[in-house]
Amino acid sequence: AEDGIRDTSVTGVQTCALPICRAVNRLPSITSMIMLLAATLVSPSGHGALPETVQVQSRDGRTALAAYLWRPPGVGPFPAIVMMHGRAGAYSSRAAGKFDASTLSQRHLQWGEFWVDRGYVALHVDSFGARGYGGGFGIHSYASRPVAVSEQNVRPLDALGAYDYLRARDDVVASRIGLFGWSNGAMAVLATLGLPQTAGGVFKAAIAFYPRCGAQERSEYRPAAPLLMLLAGSDQEVSPRVCERMAKRLLERKAAIEYVVYPGAQHAFDDPGTARQSLAANSSATADARNRAEKFFALNLAAQGGSR
């Protein structure tokens with residue numbers, strides 16, 4: 001559309017992008033919604049193989065991080081995506097102290113397969129395990145978390161280390177690397193895009209699922225790359241209103257930012273477990289968010305191989 005609003009919304013979803021915002025009230029059929037969700041949750045290739053475990057050196061200069069790599073078939077080179085987990089960590093709540101590729105959470109496995117099936121190299125970085133917090137942190141624990149895992153000062157260095165790792169690979173298009181995160185990892189995404197090191201367009205584009213935006217909202221923040229924020233209207237952990245205020249201010253300043261608020265959707269709405277997906281607002285938000293994320297990276301990262 002000429003106004004920059006994509007025609008993929010569910011009823012009442014507020015979508016905002018340069019230059020205007022509006023509420024879109026177009027309801028897809030229940031059947032089409034179910035088909036879309038099913039298509040995005042199942043790997044078309046049916047491979048379902050565990051990702052390769054690799055080691056990434058954080059730009060903090062001292063921490064070697066475990067990371068998990070999905071790679072499309074073929075020679076490449078391919079565009080790539082760095083994935084940043086939330087406060088619960090990279091692994092399943094049933095990991096029982098075993099932190100490796102076999103215990104990654106279903107959400108992270110599904111998103112890794114989602115991106116590789118669309119022609120991207122995907123790299124999921126475990127920021128917590130190497131620092132002694134592989135099991136992650138509980139809800140509402142933000143104030144008591146150690147500075148060693150700060151999403152404002154530490155995890156952005158992990159994201160940049162992941163960028164360095166991908167950029168050095170022959171099968172990655174070095175100029176087409178995106179950044180993607182959930183919750184605390186989405187906060188790290190925002191912080192990374194505000195660093196002086198990213199001012200030259202290190203990451204080509206970024207997506208943040210339900211971040212906390214307080215640090216950026218209180219500063220003269222401007223993301224260094226196009227940014228898409230996907231927010232839960234009934235978030236139990238962070239305030240989507242703060243992110244809305246920040247985004248509206250950025251839009252007024254002509255920044256390359258888009259955001260969507262999903263009415264009734266909860267924090268972690270894209271968690272594939274029954275507890276989340278049994279709520280219609282979460283399942284519809286998941287389908288719409290995956291569709292938007294796919295189109296956003298396709299537009300900004302050009303997922304079709306090419307020269308380095």
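Note that these values count all heavy atoms, side chains included, but never hydrogens, waters or copies made by symmetry.
Between atom CZ of residue Arg167 and atom CG of residue Leu160 there is a gap of 12.5 Å, rounded to the nearest 0.5 Å.
Between Asp100 and Thr53, every side-chain heavy-atom pair lies at or beyond the 4.5 Å cut-off. Taking 4.5 Å as the limit, some side-chain heavy atom of Leu251 sits within range of a side-chain heavy atom of Tyr259. For the pair Trp111/Arg290, a side-chain contact is recorded, criterion being any heavy-atom separation below 4.5 Å from C-beta on. Side-chain contact check for Met83 versus Leu123: every heavy-atom pair is 4.5 Å or farther apart. Leu227 places none of its side-chain heavy atoms less than 4.5 Å from the side chain of Glu258. When side chains are defined from C-beta on, His124 does not count as touching Ser105, because their heavy atoms never get closer than 4.5 Å. Between Phe78 and Val172, the closest side-chain pair of non-hydrogen atoms is not below 4.5 Å. Considering only heavy atoms from C-beta on, Tyr120 stays 4.5 Å or farther from Trp70 through its side chain.
In the hydrophobic clustering of ILVMFWY residues, with side-chain heavy atoms under 4.5 Å counting as a link, Leu230 and Leu279 come out apart. When the side chains of ILVMFWY residues are joined at heavy-atom separations under 4.5 Å, either directly or via intervening members, Leu231 and Val242 end up in two distinct hydrophobic clusters. Linking ILVMFWY residues whenever their side-chain heavy atoms come closer than 4.5 Å, directly or via other members, places Leu301 and Phe209 in the same cluster. The hydrophobic clustering, which links ILVMFWY residues whose side-chain heavy atoms are closer than 4.5 Å, places Val82 and Val154 apart. Cluster membership check: Val238 does not share its hydrophobic cluster with Met246, using side-chain heavy-atom separations under 4.5 Å among Ile, Leu, Val, Met, Phe, Trp and Tyr.
Aromatic ring centroids of Trp115 and Phe297 lie under 6.0 Å apart.
The ring pair (Phe, Tyr, Trp, His ring centres under 6.0 Å) with Trp182 is formed by just one residue from the set His85, His108, His267; it is His108.
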Test log, rule side chain to side chain contact (heavy atoms under 4.5 Å, CB included), inputs Leu104 and Phe99
CA-CA 8 Å; Leu104 286 170; Phe99 304 128; over 6 Å; no

Output, in order, the C-alpha distance, side-chain angles, deciding distance and verdict of side chain to side chain contact (heavy atoms under 4.5 Å, CB included) for Val202 and Thr192.
CA-CA 10 Å; Val202 170; Thr192 302; over 6 Å; no

Report the C-alpha distance between Ile257 and Met229 in whole Å, list the side-chain angles of each, state the deciding distance to 0.1 Å, and finish with yes or no for side chain to side chain contact (heavy atoms under 4.5 Å, CB included).
CA-CA 8 Å; Ile257 185 170; Met229 294 196 301; 4.1 Å; yes

Mind running side chain to side chain contact (heavy atoms under 4.5 Å, CB included) on Val147 and Asn153 for me, showing each step along the way?
CA-CA 8 Å; Val147 295; Asn153 303 310; over 6 Å; no

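Between Arg155 and Asp60 no salt bridge is recorded (no basic side-chain N to carboxylate O distance below 4.0 Å). Between Arg87 and Glu237 there is a salt bridge, since a side-chain N of the basic residue sits under 4.0 Å from a carboxylate O of the acidic one. Taking 4.0 Å as the cut-off between side-chain N and carboxylate O, Asp270 and Arg107 count as a salt-bridged pair. Ionic pairing of Arg241 and Glu244 is present here: one or more N-O contacts between side-chain nitrogen and carboxylate oxygen are shorter than 4.0 angstrom. Between Glu52 and Arg71 there is no salt bridge, since no side-chain nitrogen of the basic residue lies less than 4.0 Å from a carboxylate oxygen of the acidic one.
At least one donor-acceptor pair under 3.5 Å links the side chain of Asn300 to the backbone N or O of Phe296. At least one donor-acceptor pair closer than 3.5 Å links the side chain of Arg249 to the backbone N or O of Glu217. Looking at Arg131, its side chain does come within 3.5 Å of a backbone N or O of Ser127 through a donor-acceptor pair. Judged by distance alone, with hydrogens and angles left aside, the side-chain atoms of Gln106 form no donor-acceptor pair with the main-chain N or O of Pro272 at under 3.5 Å. When atom types are taken as modelled, the side chain of Arg253 and the backbone of Lys248 share no donor-acceptor pair closer than 3.5 angstrom.
Of the N and O atoms on the side chains of Gln277 and Asn282, not one donor lies less than 3.5 Å from an acceptor on the other residue.
Other residues sharing a hydrophobic cluster with Phe137 under the 4.5 Å side-chain heavy-atom criterion for ILVMFWY residues are Phe128, Tyr133, Val149. Hydrophobic cluster membership of Met187, counting Ile, Leu, Val, Met, Phe, Trp and Tyr whose side-chain heavy atoms lie under 4.5 Å apart directly or via other members: Tyr142.
Residues Ala95 and Thr103 come closest through the heavy atom pair CB-CB, 3.9 Å. Residues Ala64 and Ala130 share a closest heavy-atom pair of O-CB, 3.4 Å. Shortest non-hydrogen contact noted between Pro263 and Ala281 is O-CB, 3.8 Å.
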